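Note sheet for the following structure.
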Amino acid sequence: PDWKDVEGSKRISQQSALGAITSLTQALVELITNVDDAYERLNKPNKKYSGGCVIFYDRGGETRYTTIKVSDRAAGMDSEKLHTVLKKHGDKIKSEGASRGFFARGLLDVSSIGDVYIQTVKDKKITTGQIKYQTFQYKLIDKDIPTNKLNQTLAKTVEGFDYHKTKKVRNGTEIILRIPPKGSINIPQVKSLVDRLKKQYQLRNILSDDKNKEFKN
């Protein structure tokens, strides 16, 4: 698949993204709140929603990429929905039941610090996509491939995707952020990163829930 330019002014989008995401902490906050949105949409109109959010952090260094993975088990997206999310920067999309509703803007902005890979499953079909680091270019690599035919996916040969290593592929979305070595941001130790996340105002609703002791600890 060919790379496509995000609609609108690329220069303005790049400047906006560089100002919006200036640290690994800010990128993670955006991805975590996106997960929160996904569960809220899934459980509408009942606002007593819940679901797991798994965060994997592999801290790189001077010569090795840093990898962040944030996974949920919400509804997932089909290829049409993912294309809608990626095609326009800063688009005012419908929140679809979520009170925040900034999924499109945040996900594209995260690419200001690294390559973004999207693995999403909806109704036993997988769609994969990628946003190129600091270019505001994206592509859908696989579109609605049945999960029992993962051997036919194109993304399995692209470094950065790893869904084909999973024994069971279920509904939900996983965002993988690969930050190049010697990039423009500081790469914190695990403890420092967690401590910073605890102080983020945007995560107040998640942190105030007594069920989330593992994250708070």
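Given the structure is predicted, the values throughout are model-derived calculations rather than measurements.
V54 belongs to no hydrophobic cluster, as no Ile, Leu, Val, Met, Phe, Trp or Tyr side chain comes under 4.5 Å of its own. The hydrophobic cluster containing F56, built from Ile/Leu/Val/Met/Phe/Trp/Tyr side-chain heavy atoms closer than 4.5 Å, comprises no other residue.
Listed here is the closest heavy atom pair of I176 and G160: CD1-O, 3.3 Å. Taking every heavy atom of both residues into account, I141 and Q130 meet most closely at CD1-OE1, 4.0 Å. Taking each heavy atom of N151 and K156 in turn, the nearest pair found is O-NZ, 2.6 Å. Across L107 and N34, no two heavy atoms sit closer than the pair N-ND2, 4.4 Å. Closest approach of P188 to L24, counting heavy atoms only: CD-CD2, 3.8 Å. Of all the heavy atoms in C53 and V35, the pair that sits closest is CB-CG1, 3.9 Å.
In this structure, CD in Q202 is found 8.5 Å from CD in E30, a value given to the nearest 0.5 Å. Here the OH atom belonging to Y163 is positioned 11.5 Å from the OG1 atom belonging to T147, to the nearest 0.5 angstrom. For the atom pair CG of L177 and CD1 of I113, the computed distance is 5.0 Å after rounding to the nearest 0.5 Å. The distance from the CD1 atom of I118 to the CG atom of L140 is 8.0 Å, given to the nearest 0.5 Å. Atom OG of S111 sits about 11.5 Å away from atom NZ of K132, to the nearest 0.5 Å. Between the OG1 atom of T67 and the CZ atom of R59 there is a distance of 13.0 Å, given to the nearest 0.5 Å.
Listed for the E40 side chain is no donor-acceptor partner under 3.5 Å among the backbone atoms of D36. The closest donor-acceptor contact from the side chain of Y57 to the backbone of Q189 lies at 3.5 Å or more, if one exists at all.
When the side chain to side chain contact (heavy atoms under 4.5 Å, CB included) test is applied to D78, the partners found at least two apart in sequence or on another chain are E80, K81, K122, D144. Shown here are the side-chain hydrogen bond (donor to acceptor under 3.5 Å, both in side chains) partners of T25, two or more places apart in sequence or in another chain: there are none. The side chain to side chain contact (heavy atoms under 4.5 Å, CB included) check on R64 picks up D58, with sequence neighbours excluded. For the side-chain hydrogen bond (donor to acceptor under 3.5 Å, both in side chains) test, no residue two or more places apart in sequence or in another chain qualifies with T66. For P181, the side chain to side chain contact (heavy atoms under 4.5 Å, CB included) criterion is met by Y65, not counting sequence neighbours. Contacts of K69 classified as side-chain hydrogen bond (donor to acceptor under 3.5 Å, both in side chains), with partners at least two apart in sequence or in another chain: D162. For D72, the side-chain hydrogen bond (donor to acceptor under 3.5 Å, both in side chains) test picks out no residue, with sequence neighbours left out.
Residues M77 and I145 do not share a hydrophobic cluster, clusters being chains of Ile/Leu/Val/Met/Phe/Trp/Tyr side chains in contact below 4.5 Å. I187 and Y133 are assigned to two separate hydrophobic clusters, defined by single-linkage of ILVMFWY side chains at heavy-atom distances under 4.5 Å. When hydrophobic clusters are built by joining Ile, Leu, Val, Met, Phe, Trp and Tyr residues whose side-chain heavy atoms come closer than 4.5 Å, directly or via intermediates, I206 is grouped together with I68. One hydrophobic cluster, built from ILVMFWY side chains closer than 4.5 Å, cannot hold both V169 and I175; they sit in different ones. Linking ILVMFWY side-chain heavy atoms closer than 4.5 Å, directly or via other members, places V85 and I126 in two distinct hydrophobic clusters.
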Derivation and outcome, side-chain contact (heavy atoms from CB on, under 4.5 Å), residues T128 and T153:
CA-CA 9 Å; T128 61; T153 54; over 6 Å; no
Run the side-chain contact (heavy atoms from CB on, under 4.5 Å) test on D115 and I131 for me, step by step, so that the C-alpha distance in whole Å, both residues' side-chain angles and the decisive distance to 0.1 Å come before the verdict.
CA-CA 6 Å; D115 288 298; I131 311 169; over 6 Å; no
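Annotation for K139: atom NZ counts as buried by contact number, over 12 foreign heavy atoms lying within 6.0 Å.
Sorted by first and then second residue, the ring-ring contact (aromatic ring centres under 6.0 Å, His included) pairs involving residues 109-130 (not counting sequence neighbours) are Y117-F161. Legend: salt bridge (charged side-chain N to carboxylate O under 4.0 Å, His left out) pairs involving residues 168-186, not counting sequence neighbours, sorted by first then second residue: E159-R178.
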What donor-acceptor contacts under 3.5 angstrom involve side-chain atoms of residues 190-197, with partners at least two apart or in another chain?
from : atom 1 : to   : atom 2 : distance (Å)
K191 : NZ     : D195 : OD2    : 3.0

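Of the N and O atoms on the side chains of T127 and S79, not one donor lies less than 3.5 Å from an acceptor on the other residue.
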